[in-house]
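Taking it in order: structure first as structure tokens, then the write-up.
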Amino acid sequence: MVQSVSGGTGSDQPANSSKAKPRVLPSRRRARRAWLTLGIVVVAIGVLLYKGLGNSLVYFRTASEAVQDRAQLGNRTFRLEGVVVPGSVHATGTGVDFSVESSNVFVQVHDTANPPQLFQPNIPVVLVGHFQGNIFLSNQIMVKHSANYVAAHPDRVATVNGKKL
Amino acid sequence: MWRDALLVAGKDLRIELRSRITINQILPFAFIVLIVFAFALDTSPDTLKEVAPGLFWLAVLFSSILGVDRAVAIERNDSAGEGLLVYGVDPGGIFLGKAASVFVQLFLLEIVLILGMVVLYGPKIGGWLLIVLSAVFATLGISAAGVLYSQLASGSKAKQTLLPLLLVPVASPVLLAATKSWQDAFAGTSSLGDPWLRLLIVFAVVYLALGSVFYSSILEG
Amino acid sequence: MNGYVEAGYLAVLGGLGGYSALLLGKSKKLKKSLLPVKTKNDRDESRPL
Amino acid sequence: MESKRYKRVRRAAGIASLLSVAVTVILGLWVTPPDVVQGQLVRLIYVHPPVAWVAYLAYGVTSIASILYLWKRTRNLRWDLLAVSSAEVGVIFTGLTLITGSIWGRPAWGVWWTWDARLTTTALLFVLYLGYLALRRVPADSHQRAVRSAIAGLIAFIDVPIVHQSVVWWRTLHQGATVLNPSLSPKIHGEMATTLLIGFISFTFVYIWMLMQRYQIADLEQRVLDVELEQLIKERRNEPGVGSSQIESTEDVDNADQPSKV
């Protein structure tokens, strides 16, 4: 992958000839070095992929984590994730009141924005807002639907044909 | 390669020391960026404190564009670059040397800039070890990617616009990681096991390695 | 259906269709620009080799 | 202009893509059932993931072609033309991925855009390859340009696996992969799965056709340059009888070795 430089044709020269002469690496050594370096790159990327980040890119905190870090969060704005608890949803004039749950930790939510059309009980949501006391004041609801797709009228599906790609 | 790198870095830094072209341009530029951010956000001082790390690294990234451009431009006069190759200087060494020289300049810039940030934005700063280490690796990553891309874009008339277009996306993971790591450090909640610091190290290693492998191809082409 | 679905399909079909049209137009133009060379006056002269 | 085989394959790909896209649209919009949660919105799954897949595929082809150019033993300017053709098609498909995703996100999530890992890395991918295409416009001799853009293309490709794995590594608003998920068990069945599969195939056909069409344009552009150069040389000579060089060039156009590598 590494080409010798233009004019660097002296591949027959030893790598460390006297200082006065141009020091040109033999092309084979050069190629080996290139592969070695690319190997480092691959390993580095591999480390990144496997070990590296885990959950460090915190797009949201789950309800249970948020309750745990309650003191540290103060009234900072962050994203909170949880499943909408069935039976807790009450529409208010401007938005909606409900509770979210994760790992059996419940958080009371007061929302002041219109919920999206997929908002419904038992669906996971991500809320943008902050704590005030023990109530989470949200000004945006985002629905985090799953990657599962199920036909609304299963009887219409003639054959189950779950092909893999 | 390493000896060549030292030679090239020394040469570039000596040129800079005598001409002071970069420092005369970059330092005022970086400060202007900081001040403009402060203007834009001055209605909410709390916001300014919170986003200070991001603004700092944005200022560094913008300034680095000027720096790497200069680092490559040095060799264009009197075909100095070809001269280096004819002398048998290792292309990987040229790359590492230039990256090192840009690194030194940017790092000095950051030291001055962080004082400016404290004065202008007034964030609470803690966790100095993490701050310094992430600054080192972030700057290494930005310098390496910058020199590589500056050489890629060289020879083009539209270089002034092309270089940011190429460099900013490639360097943006570094920018993101540096910002997050500084936020952790400022919040005082972090140790040296910070995942963002690890990410910065990985990026620095990857860009340095890619650069030293590919630089000869670019020079040759 | 609800506007969004239609918009999505239209965006894909429009985008791909537009790009295809662009490609077809470009290759037509290029082919044309190569043709006159072929039919120039010295077409009938003895070919080399 | 081009070999008969190339033309035939391209035409076949064109017809296949027209037909299969039509089938996808019909199945997707009318035949398949609505989803339990998403209702009618689920129909966007038959276009959005396939379009994104083609973007990955296109950048993969660009990377392979770039490697083949950089490797001296396989160095040939045709790889460079293939790389840029595929990258351009990839940028189109990435753009469409962003647009359809945004259109789907508004009703399903409630927002047009959010800075989660998947969306951010995809936007980054778009900009990286826009940069690649911009780099190609830098005036340079063809070899120099090929080397430079091959390197830029390879570096940009690092982002592709990151985009795909982002939903696994990080918390995102975006859902995980329905088909190519870590456990490789599709979370979609019946007509819906079949239609999704047809969607993947049909947009892949579209990609093949576009790639071949774009490659031909790149090839023609190269020849126009060559012809123009030869004409200039001929005018310079300005002597009767030397014009044969021009005929040589037309001969090149007639039966130059065809891109069987595509």
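To find a chain, count down the sequence lines: A is the first, B the second, and so on, and within it residues start at 1.
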Do any of residues 113-123 of chain A have a heavy atom less than 4.5 Å from a heavy atom of chain D, and if so, which, in residue order?
A:Pro116, A:Gln117, A:Leu118, A:Gln120, A:Ile123

Taking side chain as everything from C-beta outward and backbone as N, CA, C, O, which of these in D:Val37 sits under 4.5 Å from a heavy atom of chain A? Side chain, backbone, both or neither.
both

With sequence neighbours left out, the residues meeting side-chain hydrogen bond (donor to acceptor under 3.5 Å, both in side chains) with D:Tyr207 are D:Ser86

Apply side-chain hydrogen bond (donor to acceptor under 3.5 Å, both in side chains) to D:Thr94 and list each qualifying residue two or more places apart in sequence or on a separate chain.
D:Tyr59

Any sub-3.5 Å donor-acceptor pair from [X]'s side-chain atoms to [Y]'s backbone N or O?
X        : Y        : value
D:Arg171 : A:Tyr59  : no
A:Lys144 : D:Thr172 : yes
D:Asp35  : A:Tyr149 : no

Hey, are the side chains of A:His145 and D:Gln38 touching, using non-hydrogen atoms and a 4.5 Å cut-off?
yes

List the atom of D:Met192, the atom of A:Val150, and the distance in Å for their closest heavy-atom pair.
SD-C, 4.0 Å

Hey, which of D:Gly105, D:Ala108, D:Ser166 has the most heavy atom pairs under 4.5 Å with chain A?
D:Ala108

Show every donor-acceptor pair shorter than 3.5 Å between a side-chain atom in residues 81-90 of chain A and any protein atom, with sequence neighbours excluded, or say none if there are none.
| from | atom 1 | to | atom 2 | distance (Å) |
| --- | --- | --- | --- | --- |
| A:Ser88 | OG | A:Val85 | O | 2.7 |
| A:Ser88 | OG | A:Ser99 | N | 3.1 |

